[in-house]
Undergrad: 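Please see the structure below; I have some questions.
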2 protein chains.
Amino acid sequence: MPGKQAASAEETANAGRIRRGQVLHIVESAERAFAEAGFAGTTMTRLAEAAGLPKANLHYYFGTKEKLYRAVLENILTLWLDDMAPIVPERAPAEALGAYIRAKMGHSRARPHASKVFANEILHGAPHLRGFLTHELRRRVAEKTRVIEHWIAGGRMAQVDPVHLFFAIWAMTQTYADFDVQMRAVLGCAALGTAEYDAGEQTVLRLVLHGCGLETNDTNEGEQGRCRS
Amino acid sequence: MPGKQAASAEETANAGRIRRGQVLHIVESAERAFAEAGFAGTTMTRLAEAAGLPKANLHYYFGTKEKLYRAVLENILTLWLDDMAPIVPERAPAEALGAYIRAKMGHSRARPHASKVFANEILHGAPHLRGFLTHELRRRVAEKTRVIEHWIAGGRMAQVDPVHLFFAIWAMTQTYADFDVQMRAVLGCAALGTAEYDAGEQTVLRLVLHGCGLETNDTNEGEQGRCRS
DNA sequence: AAAGAAGTTGACCAAACAGTCAATTTCTTC
DNA sequence: GAAGAAATTGACTGTTTGGTCAACTTCTTT
């Protein structure tokens with residue numbers, strides 16, 4: 001028998017093991033379901049099916065549909081803010097903005113459902129995200145705005161409104177997750193693949209960097225990145 | 001007494017007068033309601049309240065909630081395609097793209113509800129717009145893509161992927177209608193006014209035109225277009 | 001002004017909904 | 001392995017939903 005300290009540490013590590021696992025599993029499957037139909041359009045029965053569990057089990061862990069939805073949202077929010085990390089005054093503007101755009105495009109591709117849930121929430125007035133928008137996000141944008149104003153004051157990039165620049169970057173990158181159906185229809189392909197994401201990233205990089213009066217290290221000329229079909 | 005022909009013409013003009021008026025009124029008020037909560041989140045009772053009519057009256061004119069929703073969508077679609085009219089080979093690229101961007105920004109400001117209903121529909125897989133996306137929109141984009149390729153071939157603008165350029169313009173302009181809550185929170189203002197729309201338009205114009213290697217006739221330097229509060 | 005067509009509406013209904021609960025099983029601890 | 005805690009689940013419930021309908025009013029035509 002292990003000593004009491006060891007057992008206690010093991011206990012606390014073990015305690016709620018099932019709970020943590022189930023909560024994570026339900027939140028992840030719910031993200032996909034909410035992305036497909038929005039909060040109002042997703043039924044508890046559908047969420048239960050998505051998780052492969054009986055409805056009552058979801059209520060056991062989350063109480064209400066709204067609390068489950070909030071858990072999904074909170075799981076997503078950190079992603080948004082953390083992407084902005086590359087934007088620091090020490091880095092060169094082109095490099096920092098480029099890294100930010102690449103990170104955002106990467107998230108659109110890796111976590112399209114998260115982006116859609118977020119977009120849906122904002123679209124309908126952000127009733128569950130007011131605090132996040134007016135505090136965390138606003139603060140973070142103000143902080144990064146100062147970095148960009150510092151670059152502009154130092155003559156390192158053109159005079160662009162930093163806040164509207166962020167709006168533009170968010171819009172252009174997130175649209176690859178949120179409006180993928182429209183893109184697939186226009187491009188005539190079944191799914192957005194590496195070719196489409198690369199072409200999109202090149203375009204966004206080009207617009208932002210040239211728009212800010214910065215150089216692009218654009219080596220691949222002829223590439224157009226359409227889909228084959 | 002007017003002659004039979006005159007009376008008949010008057011009749012046909014008059015026939016369905018009430019119907020046309022009510023249908024238009026219901027569709028317009030429903031656009032706002034659907035924009036606020038999406039298709040699933042909007043109840044027939046809410047739609048009836050928005051129109052100031054009893055629920056049964058809406059069913060008299062549209063039959064089902066879905067048919068009313070489709071009527072709202074169809075009312076919106078023409079807007080999207082018509083905006084692309086300025087893009088013709090005869091015009092200078094900067095002028096044509098500038099006019100297009102201004103038209104799209106104007107619609108975001110004038111018809112934000114229409115934009116939100118459209119965005120919500122695409123976000124959830126466009127179940128009612130598949131045909132529009134894969135036929136009308138696709139054809140129109142292909143047509144305008146040829147114009148841009150013509151400009152590029154003539155050395156009149158930089159080599160930018162035309163389709164992804166459209167995606168970028170759509171995203172940047174529509175975000176001013178769709179994500180207004182986020183913008184208001186970040187900017188700290190109660191509503192997006194002329195100052196914010198002007199700053200946004202300047203930013204979008206700058207990114208697109210510089211991104212395409214075109215000149216901007218940017219005369220207003222110091223303007224930053226924040227809100228006062 | 002008669003008569004039919006068009007429009008209006010309160011009361012009603014079956015289905016779907018989020019949420020509850022008690023009975024049961026599985027896990028953890030000693 | 002006993003006993004309690006945590007997790008699971010089928011059956012149930014009150015409410016809300018989209019949609020119907022028959023009675024009624026207003027409009028249009030002759």
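First the proteins, then the strands, lettered A, B, ... as listed; each starts at 1.
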Undergrad: Out of curiosity, Phe167(A) CZ to Leu187(B) CG, how far, rounded to the nearest 0.5 Å?
TA: 4.0 Å

Undergrad: At a heavy-atom distance below 4.0 Å, what parts of residues 29-41 of chain B sit against DNA chain D?
TA: none

Undergrad: Applying side-chain hydrogen bond (donor to acceptor under 3.5 Å, both in side chains), can you list everything that pairs with Glu36(B), at least two apart in sequence or on another chain?
TA: none

Undergrad: Ignoring hydrogens, what is the shortest heavy-atom contact between Val88(B) and Lys144(B)? Give both atom names and the distance.
TA: CG1-NZ, 4.4 Å

Undergrad: Can you tell me the distance, in whole Å, between the CD1 atom of Ile18(A) and the P atom of dT25(C)?
TA: 17 Å

Undergrad: Give the rounded distance in Å between these two atoms: CZ of Phe62(A) and P of dA18(C).
TA: 16 Å

Undergrad: Send over the distance from Arg46(B) CZ to dT16(D) P, rounded to a whole Å.
TA: 17 Å

Undergrad: To the nearest Å, how far apart are Leu53(A) CG and dT25(C) P?
TA: 19 Å

Undergrad: Hey, are Glu121(B) and Tyr69(B) close enough side-chain-wise for a donor-acceptor pair under 3.5 Å?
TA: yes

Undergrad: If we ignore angles and hydrogens, is there a donor and acceptor under 3.5 Å between the side chains of Tyr60(B) and Gln22(B)?
TA: no

Undergrad: Give the rounded distance in Å between these two atoms: CZ of Arg17(B) and P of dT26(D).
TA: 15 Å

Undergrad: Considering only NZ, NE, NH1 and NH2 on the basic side and carboxylate oxygens on the acidic side, decide whether Arg70(B) and Glu66(B) come within less than 4.0 Å.
TA: yes

Undergrad: May I have the distance from Leu58(A) (atom CG) to dA7(D) (atom C1'), rounded to whole angstrom?
TA: 13 Å

Undergrad: Got a sec: does the CZ of Arg140(B) have more than 12 other heavy atoms crowding it under 6.0 Å?
TA: yes

Undergrad: Below 3.5 Å, can you tabulate the donor-acceptor pairs from side chains in residues 39-59 of chain B to any protein atom, sequence neighbours excluded?
TA:
from     : atom 1 : to       : atom 2 : distance (Å)
Thr42(B) : OG1    : Ala33(B) : O      : 3.4
Thr42(B) : OG1    : Gly38(B) : O      : 2.5
Thr43(B) : OG1    : Arg46(B) : N      : 3.0

Undergrad: How many angstroms lie between NE2 in His124(B) and CZ in Phe34(A), if you round to the nearest 0.5 Å?
TA: 11.0 Å

Undergrad: With axes from five pairs an end, tell me the bend angle of the helix from dA1(C)-dT30(D) to dC30(C)-dG1(D), nearest 10°.
TA: 30°

Undergrad: With a cut-off of 6.0 Å (strictly less than), are more than 12 heavy atoms of other residues, nucleotides or ligands near NE2 of His135(B)?
TA: no

Undergrad: Could you check whether any side-chain N or O of Ser115(B) sits under 3.5 Å from a backbone N or O of Ala177(B), counting only pairs where one atom can act as donor and the other as acceptor?
TA: no

Undergrad: What is the distance, to the nearest angstrom, from the CG atom on Leu24(B) to the P atom on dG7(C)?
TA: 15 Å

Undergrad: Could you pick out which residue, His59(A) or Pro54(B), lies toward the 5' side of DNA chain C when each is mapped onto its nearest nucleotide?
TA: Pro54(B)

Undergrad: Produce a footprint string for nucleotides 11-16 of chain C: one letter per nucleotide, 5' end first; B if the base is under 4.0 Å from any protein heavy atom, S if only the sugar-phosphate is, - if neither.
TA: ------

Undergrad: What parts of residues 64-76 of chain A reach DNA chain D, counting only heavy atoms under 4.0 Å away?
TA: none

Undergrad: Distance check needed: dG18(D) C1' versus Asn57(B) CG, whole Å only.
TA: 16 Å

Undergrad: Any donor and acceptor pair, going by atom type alone, linking the side chain of Thr173(A) with main-chain N or O of Trp170(A) inside 3.5 Å?
TA: yes

Undergrad: Does a side-chain N or O of Arg19(A) approach OP1 or OP2 of dA7(D) to a distance below 4.0 Å, or not?
TA: yes

Undergrad: Which atoms form the tightest heavy-atom contact between Val160(B) and Cys212(B), and what is the distance?
TA: CG2-CA, 4.1 Å

Undergrad: Which distance, rounded to the nearest 0.5 Å, do you find between the CE of Met172(B) and the CD1 of Ile101(B)?
TA: 6.5 Å

Undergrad: Tyr60(B) side chain N/O closer than 4.0 Å to the phosphate oxygens (OP1, OP2) of dG7(C)?
TA: yes

Undergrad: Check whether any side-chain nitrogen or oxygen of Gln22(B) sits under 4.0 Å from OP1 or OP2 of dA6(C), and answer yes or no.
TA: no

